[in-house]
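Whatever order the structure lists ligands and atoms in, that order sets their numbers, starting from 1. The first residue of the sequence shown is numbered 1, and numbering continues consecutively from there.
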Amino acid sequence: MKRSHIFLMSSMLVSLPNLAFSAEPVWKDTSLPSAERAKALVSAMTPSEKLQLVVSHYAVDNGPGKSSVPKGAVGGAGYVPGIDRLGIPAQQITDAGLGITNPNNIRPGDGATALPSGQILSGTFEPDLAYQAGQVLGKEAFHRGFNVLLGGGGAVLVRDPRNGRNFEYLGEDSLLAGNMAAAQIQGVQSQHVIATAKQFAFGAIETNRMKVDMRIGEKEGRESDLLAFEIAVKQGKPGAIMCAYNKVNGDYSCENSYLLQLPKRNWGYRGYVLTDWGATHSTVKSANAGLDQESGASFDQKIYFGKDLKEAIAKGEVSKGRLDNMVYRIVYSLIDVGAYDHPAYKSDQAENVAADEAISQKIAENGIVLLKNHHNILPLSSQIKSIAIIGGKADQGVLSGGGSSQVTARGGNIVDHTRIQQWPGPVSYFPSSPMKAIQALVPNAKVNFAAGNDIQQAVDLAKHSDVAIVFATKWSAEGFDSANLQLSAEQNQLIEAVAKTGKPVVVVLETGNPVEMPWLHDVDGVLAAWYPGTSGGPAIANILFGQVNPSGRLTTTWPKALSQVPYPYIEGAGKIVNADVLAVKQYSSDNQAVSSVNLNEDGANVGYRWYEQKRLTPLYPFGYGLSYTTFKYKKLILEKDFDKDRHTMIANVTVENTGNRDGADVIQIYGKIPGETTSRLLGFRKVYLKAGETQTVPVPLFSVSLAHYVPVKHSWEIISGNYEISARSDSLSHDALKTNIHLDQIDVQD
Ligand code: BGC
């Protein structure tokens, strides 16, 4: 007999009163559905216990101004005290998507694994690696005592190549970003840690982010960023969604009822919505719009979900039922991911550092993109006698992006003391030296370093070496956008000077976005290593020397120049406006001007679709990336598969590895829906083929990418007509195989 049944029976049978004490309450019964347990918990709570759960408190230091690190907090972005008598654990909340952060060294000396940036993870085109990344995040959070991770589902679409946070996102395509986020969320939550899909929604630029109003039509929104979130939320089922700083169509995201109701009403979302830190602006409006938890309350002008919420409920401005629903959603998520039944705990021993770092390295090796390989300069020969390593602190480490997602590596980061020190800095490198990793691969070669600030010294070193590898860096961080797409003038001059030596030159870029490369024609190889994480050094070395055959692809279009992007001018871009966010004034919206961005400029045609619509040829298209082998697409056969909520068709692609090295190809299926002028990614699949091997690979095509959103019907539909479907190795490839198929009209569930 189930324990809950004993409980129910015993409460009915007055003659057996003792059984009631020995039985466990409904919410402890792990055999019951999470919803039932959560409902029982809410009905057992007092009003003040309920209010306690809907506000989190900053748990890093005693800023901004008001708070102190709450007692019982592990020390991270947030803390909500638990309710012991009901077994509800404290919510111990940490950043974020690239690794477990340790802001202000609040947990002295606690370093963690940093995963490669979002461009790399999405560039693998492998949801399974996203799942593994999520597992690393979940495990490392759990063993530090955290049960809520403010990441795992960074699904903002990349619309502008200057955005300081693009390294936290998963590219410009909603299907890819949504699927990768969903897999990562599941990985995190497999470890009993809540993952967060964020930032909801449309944070296309960081400049003026506390006040900017992102304006976008319903159809355009649903078919772009909201589609990425829809996939992430429906498939990944995150415990939490974080609403963004910016406004959307006039209302702050965190009090925008259209936005906050969408997951709950349309996507079957059962978790809760929490705000970004400093993104709450009201009590009644937010609560009634669907906000469930105010985060890091000291960042707000006042605590909106404390006594103000209590008063609003007393006055009937917010219903009791709404508060119950907020609390229900929070405890539902805690139960559903297992955080209620398996409390997170601190344990240094439980961490398998080598395994976690191996996953970080594997992701880097599978997602770093080879952009140029003139005359097959790469892979470099292991017989090489002398190598000049130049610039980018490559003798010490690899660059990382800044802001709240900044991870501290084990052993500490290498800080660039000549640059910004306060938030979102300091500019930090992870101690994973590409130079040391290269030397380890070629122990007999002379490997020498020139820092790059003395151009003549670098040139002299290159002249006396068989090959020069120049590391060029550009720092991106949360809170600001880059003013342009340029590397520093000094780095461009350095590369040009080294290229003039006539020696073979390979450039390794460690950047948070695409950059202009005025020297592109003068160098032999270019590797986009983005921010490659705490095992970036060996990953770069392994690709350069062919231990690994590169297979990463671009998940954002690489423009020739800013004139090609949809928003060429961003007023204020490049200024770090929120340099000191630990002062409440700086974080508040009051010191920023109201501005708006009309996102209908590219609308649903984000990224490669914008380029297609405008007939612009970028420098490198979405999906592009070279390999040390070659692939040929030989046959494309479509097979209808009407599981209409997920897949409509399977594209069977026969592909051959025509080179003489084993390697992986990313098969991409694009299609045009009748009446539309731009192509969409309909499905993708990475396949590993031995040299000379041929395989026929089934690539499922997602219904939602074939559908379009019909605002008057509030739903998606696949329209009847002829669809041109092509298999490509990138969004513009000329070797595409094409075929046509007729589809009948189908309504796709919203
Ligand atoms: C960021 C969030 C982060 C939060 C808490 C904010 O600045 O936008 O992504 O989770 O801080 O640190």
Side-chain angles (χ1 to χ4, degrees), residues 55-61 63-64 67 69 73-80 91-104 106-107 117-118 137 141 146 148-156 163-170 181 188 193-212 229 238-246 252-254 273-280 293-300 401-408 422-425 476-481 576-584 586-589 592:
V55 182
S56 79
H57 304 276
Y58 193 50
V60 172
D61 60 16
S67 65
V69 180
V74 172
Y79 172 72
V80 181
Q91 290 161 61
Q92 304 280 3
I93 306 169
T94 180
D95 283 305
L98 301 177
I100 309 310
T101 67
N102 185 5
N104 294 4
I106 178 77
R107 304 184 308 281
S117 62
L137 294 170
F146 293 109
V148 180
L149 179 79
L150 298 171
V156 175
N163 184 329
R165 295 192 91 167
N166 284 345
F167 71 90
E168 294 184 57
Y169 307 145
L170 296 162
V188 173
V193 171
I194 288 176
T196 306
K198 75 183 197 183
Q199 280 82 2
F200 195 57
F202 298 110
I205 57 171
E206 282 291 282
T207 306
N208 201 17
R209 66 177 179 168
M210 310 300 276
K211 243 184 177 160
V212 66
F229 277 101
I241 294 177
M242 179 190 284
C243 48
Y245 287 128
N246 55 276
Y252 281 111
S253 299
C254 295
V273 177
L274 55 80
T275 63
D276 202 339
W277 270 234
T280 319
Q293 191 177 67
E294 175 181 11
S295 305
S298 49
F299 284 85
D300 295 326
S404 63
S405 67
Q406 174 75 60
V407 176
T408 304
Q422 73 272 48
W423 200 93
S476 280
E478 176 185 340
F480 76 102
D481 301 307
I576 303 184
V577 276
N578 282 334
D580 182 9
V581 292
L582 295 182
V584 72
Q586 302 279 354
Y587 225 120
S588 90
S589 50
Q592 294 193 4

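With sequence neighbours left out, Q293 forms a side chain to side chain donor-acceptor pair (under 3.5 Å) with Q91. Applying the salt bridge (Lys or Arg N to Asp or Glu O under 4.0 Å) rule to D481 yields no partners; only residues at least two apart in sequence or on another chain are considered.
Heavy-atom proximity to R165, at under 4.0 Å, picks out these atoms of ligand 1: 1 (C), 2 (C), 8 (O), 9 (O). Ligand 1 places these atoms under 4.0 Å from at least one heavy atom of R209: 7 (O), 8 (O). Below 4.0 Å from some heavy atom of K198 lie the following atoms of ligand 1, by number and element: 2 (C), 3 (C), 9 (O), 10 (O). For ligand 1, the atoms closer than 4.0 angstrom to any heavy atom of M242 are 10 (O). Shown in contact with Y245 at under 4.0 Å from a heavy atom are these atoms of ligand 1, numbered in order with element: 6 (C), 7 (O), 8 (O). Listed by number with element, the atoms of ligand 1 under 4.0 angstrom from any heavy atom of D276 are 1 (C), 2 (C), 3 (C), 4 (C), 6 (C), 8 (O), 11 (O).
Ligand 1 has a nitrogen or oxygen under 3.5 angstrom from a nitrogen or oxygen of Q199.
Judged by distance alone, the side chains of T280 and D300 do bring a donor and an acceptor atom under 3.5 Å apart. Side-chain contact annotation: E294 with T275, donor-acceptor N/O pair under 3.5 Å absent.
With distances taken over non-hydrogen atoms, the option nearest atom 3 (C) of ligand 1 out of L149, D95, L150, I93 is D95.
Checked by atom type and distance alone, the side chain of T196 pairs as donor or acceptor with a backbone atom of L149 at under 3.5 Å. No donor-acceptor pair closer than 3.5 Å links the side chain of Y79 to the backbone N or O of G296.
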